[in-house]
Participant: 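The structure follows.
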Amino acid sequence: MIKVTNISKLYNAGRPNEFIAVRDVTLTVSLGEVTVLKGPSGSGKTTLLGILGCMVRPSSGRISLGDREITSLPERFLTQIRRETFGFIFQQFNLIKGLTALENVMIPAYPTGERYAPLRRRALEILELFNMSHKAAAKVEWLSGGEAQRVAIARALINNPTIIIADEPTAHLDTKLSHEFMVIVRQLREGGKTILIASHDPIVYDSELMTSRIELRDGRVINDGSRS
Amino acid sequence: MTARYSTLFCAITGTQLLLACLLLIHAETETAAHQPLIRRKAELARTLELSDLCLFTEASYTRHLALADLRTPFQEYPMAMEHFPSGSLTSPPPHLTETHAPHP
Amino acid sequence: MPHTLEKQRHILDFTLASLLRRKGKNGALFTVYTLIVFILASVMFFTYALKEEASLVLKGAPEIIVQRTLQGRYAPIPVEYGVKIRGIRGVMGVRPRVWGYYYDPVFLANYTIMAPEGVNLPPGSIALGSGISRMRRAYQGDTISFTGADGKARNFTIARILPEESQLLSADLILMAEGEYREFSGLPPGLASDLTLKVKNPKELATVAEKIVKILPDSRPIIRNEILRTYDALFSWRGGLLIIIMSAALLAFVIFAWDKASGLSAEEKKEIGILKAVGWESSDILFMKFWEGLVISLTSFLAGTILAYFHVFLTSASLFAPVLKGWSVLYPQFQLTPFINPGQIATLFFLTVVPYTVTTIIPSWRAATIDPDSVLRS
Ligand SMILES: Nc1ncnc2c1ncn2[C@@H]1O[C@H](COP(=O)(O)OP(=O)(O)OP(=O)(O)O)[C@@H](O)[C@H]1O
Ligand SMILES: [Mg+2]
């Protein structure tokens with residue numbers, strides 16, 4: 001369970017171009033939920049996801065993960081939490097070019113010092129899950145958009161996180177691929193993952209998989225997580 | 001399954017280190033083996049009363065570097081235009097400007 | 001801890017995979033780096049081995065050589081100077097040395113002719129340095145002709161060739177009986193080229209030298225230590241050619257360092273952001289950069305040093321030969337004894353590997369510690 005209380009995020013604080021991306025947001029994401037953040041461009045979805053995923057430090061407010069207060073933890077511990085608890089699927093996929101799909105999938109596990117052979121086997125299994133094992137040795141820049149996303153999802157899963165965070169996962173996909181993505185979301189949900197998605201794509205937003213929908217406008221939550 | 005990059009790197013660096021060690025051993029044994037030869041050379045220097053190495057023969061001051069005086073450079077070899085590179089590899093003997101005369 | 005080890009291996013795997021992405025650039029870097037280390041190490045091996053050999057071989061040099069200066073240049077010394085010097089306390093023996101140069105107008109080469117004591121040569125015959133023998137294709141039993149001071153050519157029989165193994169000392173030598181050399185060179189009796197001394201106590205050499213100058217103000221004593229120091233100063237880093245090599249190497253390293261220190265490309269920064277976002281710690285990023293610097297510099301250092309050893313000691317520094325020959329027609333061909341100075345290798349290591357690795361790590365310091373939120377948007 002992630003709980004944020006009175007979270008705000010200021011960019012360029014104290015300077016003339018100061019900008020409040022998230023204002024005074026309080027919300028709770030429970031385990032096993034599939035939450036979607038919706039809102040117009042610039043409404044602060046990505047910023048809020050970053051805060052929830054311990055990647056962006058809020059300017060004020062408190063975050064707790066489970067029953068642990070993590071607002072003011074030093075960088076090292078946040079990194080560890082990020083690695084063990086969260087799997088990120090970025091808007092731009094953010095795969096590392098020039099490396100193979102398999103290498104990209106294994107990267108988040110490197111700092112754990114897991115033995116190579118089991119790690120590699122696990123990475124291949126996850127790729128297999130998304131029918132991507134035949135592309136394991138392919139360099140990521142040669143993959144199609146859908147394939148690249150599946151590699152990005154596999155990478156998010158390698159450390160077996162409890163929470164998956166996806167930012168605009170269908171922005172670069174056509175309708176067919178977007179529906180395929182939703183199939184994967186279903187798989188993940190059935191696998192017991194907590195899922196947080198930012199999207200204004202109706203295929204995602206209106207999907208019956210969503211257990212909670214949060215709408216943002218100008219950094220504020222305007223409907224408080226209406227359950228479906 | 002192809003080898004990991006780190007395995008390849010360790011293999012390459014390991015081979016290099018091994019080779020370097022072998023060369024050090026080579027140096028050690030060769031140096032030991034050359035001892036009699038060096039003694040014979042020192043003996044030759046003693047019997048012939050030699051003061052210098054025959055490294056650069058083009059001018060007296062490079063051939064007999066230790067015996068150079070303040071004004072000899074370039075006088076023997078008629079075609080000596082400029083003694084590059086030997087002239088720039090050698091430097092005047094440290095005792096060139098010193099004198100054993102008691103200082104006044 | 002096997003866990004830490006495996007983690008470092010993973011980071012190394014990643015670093016190598018990253019380096020292999022730019023094969024051309026990193027390959028060129030490795031090649032240039034290796035070449036610089038090769039040149040520096042070759043110079044180092046060569047000069048150290050030669051100096052070491054000189055210091056051992058020249059231990060046999062005369063303890064004191066007394067020259068005479070006349071009109072500011074050195075000139076033949078009267079043999080009776082020796083009598084006066086013999087009277088100085090501690091001097092055990094004085095011997096006039098008779099030697100000089102000979103210019104061979106056909107081969108454009110300079111020889112050194114010596115008339116050492118106790119050389120057993122039949123009349124009209126000489127011993128020939130192996131360098132001259134090789135150049136003139138003159139061997140034992142052949143007759144060779146030199147022009148004397150009076151302009152007349154004289155024939156000499158080659159009684160023997162001086163040993164090949166001592167070329168470093170004797171490649172250009174011609175040994176002759178003293179009487180014949182005086183006749184050949186026109187050095188009058190009563191004069192010698194210089195005097196060599198034997199002194200009872202090596203500690204007294206400087207005192208003896210001082211006394212000689214006091215008695216004979218036109219004389220110039222040279223102590224064996226000074227000869228040894230002369231050869232120790234040979235190929236010093238301040239010497240003209242070596243300073244060029246050094247500066248070139250230094251410049252190359254500055255360019256490398258500049259390339260590294262001028263900061264990371266946007267692409268590299270983004271990759272660091274991604275790594276941090278997916279759970280790499282700042283220290284992992286720095287380790288990655290450490291490996292990157294070390295992989296290039298260590299392999300180049302080892303490759304360059306190993307190649308330099310082969311070059312200097314197994315091919316007799318063949319690449320340096322033209323430089324050493326210079327303008328001289330006659331030069332020794334010798335195989336160096338591989339004297340190695342571990343201190344020098346360590347210095348080379350610290351001058352090449354450490355700065356490169358450090359300049360690789362430092363610019364990534366900031367990138368490694370910033371928040372990874374930049375990867376959320378592009
Ligand atoms: N580093 C930054 N410095 C200044 N302003 C920023 C920074 N990052 C984000 N912003 C601003 O914060 C606001 C919210 O950005 P955010 O990326 O969270 O929006 P979003 O809802 O994800 O938009 P989109 O749907 O276009 O992805 C935007 O107006 C953006 O310009
Ligand atoms: Mg966004």
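Quick note on labels: first sequence line is chain A, next is B, and so on, each numbered from 1.
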Participant: How many angstroms lie between atom CG of C/Asn225 and atom CD of C/Glu63, to the nearest 0.5 angstrom?
Facilitator: 11.0 Å
Participant: Given a strict heavy-atom distance threshold of 4.5 Å, which part of C/Pro116 is in contact with chain B: side chain, backbone, both, or neither?
Facilitator: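 Only the side chain of C/Pro116 comes within 4.5 Å of chain B.
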Participant: Between C/Phe14, C/Trp99, C/Tyr111, which has the largest tally of heavy atom pairs under 4.5 Å with chain B?
Facilitator: C/Trp99
Participant: Given that the side chain runs from C-beta out, which part of C/Val295 has a heavy atom under 4.5 Å from chain B: side chain, backbone, both or neither?
Facilitator: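 Both backbone and side chain.
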Participant: Looking at C/Leu169, C/Ile132, C/Leu175, which hits side chain to side chain contact (heavy atoms under 4.5 Å, CB included) with C/Leu162?
Facilitator: C/Leu175
Participant: Would you say the ring centroid of B/His26 lies under 6.0 angstrom from that of C/Phe313?
Facilitator: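 Aromatic pair excluded; centres sit 6.0 Å or further apart.
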Participant: Which bit of C/Thr112 comes within less than 4.5 Å of chain B, counting heavy atoms only: side chain, backbone, both or neither?
Facilitator: side chain
Participant: Do you know which of C/Lys211, C/Glu52, C/His10, C/Gln167 has the most heavy-atom pairs with chain B at a distance under 4.5 angstrom?
Facilitator: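 Heavy-atom pair counts peak at C/His10.
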Participant: Answer with side chain, backbone, both or neither: which region of C/Ile306 has an atom nearer than 4.5 Å to a non-hydrogen atom of chain B?
Facilitator: both
Participant: Hey, can you tell me if C/Phe320 and C/His311 have their rings parallel, tilted or perpendicular (30° and 60° cut-offs)?
Facilitator: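 Judged by the thresholds at 30° and 60°, the geometry between C/Phe320 and C/His311 is perpendicular.
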Participant: With a 4.5 angstrom heavy-atom cut-off, is it the side chain or the backbone of C/Leu20 that approaches chain B, or both, or neither?
Facilitator: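 The answer is the side chain of C/Leu20.
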Participant: Report the option among C/Leu314, C/Val57, C/Leu12, C/Leu298 that has the most heavy-atom pairs separated by less than 4.5 Å from atoms of chain B.
Facilitator: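 When all of C/Leu314, C/Val57, C/Leu12, C/Leu298 are compared, C/Val57 has the most.
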Participant: Top residue by heavy-atom pair count (under 4.5 Å) with chain B, among C/Gln8, C/Lys59, C/Arg97, C/Met114?
Facilitator: C/Arg97
Participant: To the nearest 0.5 Å, what is the distance between OH (B/Tyr5) and CG (C/Leu19)?
Facilitator: 11.0 Å
Participant: Does the gap between the ring centers of B/His64 and C/Tyr101 come in under 6.0 Å?
Facilitator: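 Here the rings of C/Tyr101 and B/His64 have centres that are less than 6.0 Å from each other.
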Participant: Given heavy-atom pairs under 4.5 angstrom as the criterion, report whether the side chain, backbone, both or neither of C/Ala115 touches chain B.
Facilitator: neither
Participant: Does any backbone or side-chain atom of C/Gln67 lie under 4.5 Å from a heavy atom of chain B? Answer side chain, backbone, both or neither.
Facilitator: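 Side chain of C/Gln67 only, per the 4.5 Å heavy-atom cut-off to chain B.
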Participant: Does C/Ser170 use its side chain to pair, donor to acceptor, with the backbone of C/Gly129 at less than 3.5 Å?
Facilitator: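 Answer holds: no.
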Participant: Mind ranking C/Thr305, C/Ile345, C/Thr196, C/Leu56 by heavy-atom pairs under 4.5 Å with chain B and telling me who comes out on top?
Facilitator: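 Looking at each option in turn, the highest pair count goes to C/Thr196.
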Participant: So do C/Ile222 and C/Asp194 actually touch side chain to side chain, heavy atoms under 4.5 Å?
Facilitator: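 With C-beta onward as the side chain, the pair stays apart.
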Participant: Where does C/Ile340 contact chain B at under 4.5 Å (heavy atoms): side chain, backbone, both or neither?
Facilitator: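 When you check distances to chain B, only side chain atoms of C/Ile340 fall under 4.5 Å.
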Participant: So which part of B/Arg40 gets closer than 4.5 Å to some heavy atom of chain C, the side chain, the backbone, both or neither?
Facilitator: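 For B/Arg40, side-chain heavy atoms alone lie under 4.5 Å from chain C.
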Participant: Indicate yes or no: does C/Glu292 engage C/Arg21 in a salt bridge with an N to O separation below 4.0 Å.
Facilitator: no
Participant: In terms of heavy-atom pairs under 4.5 Å, which option from B/Glu49, B/Arg46, B/Glu28 contacts chain C the most?
Facilitator: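 With the most close heavy-atom pairs to chain C, the winner is B/Glu49.
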Participant: Would you mind checking which part of C/Leu336 comes under 4.5 Å of any heavy atom in chain B, side chain (CB onward), backbone (N, CA, C, O), both or neither?
Facilitator: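 Just the backbone, heavy atoms under 4.5 Å.
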Participant: Among B/Thr47, B/Leu24, B/Asp52, B/Leu8, which has the most heavy-atom pairs under 4.5 Å with chain C?
Facilitator: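 Winner by heavy-atom pair count: B/Asp52.
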Participant: I'd like to know if the side chain of B/Thr62 and the backbone of B/Phe56 have a donor-acceptor N/O pair within less than 3.5 Å.
Facilitator: yes
Participant: Is a side-chain donor or acceptor of C/Tyr231 paired with a backbone partner of B/Leu53 at a separation under 3.5 angstrom?
Facilitator: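 Judged by distance alone, yes, a pair lies under 3.5 Å.
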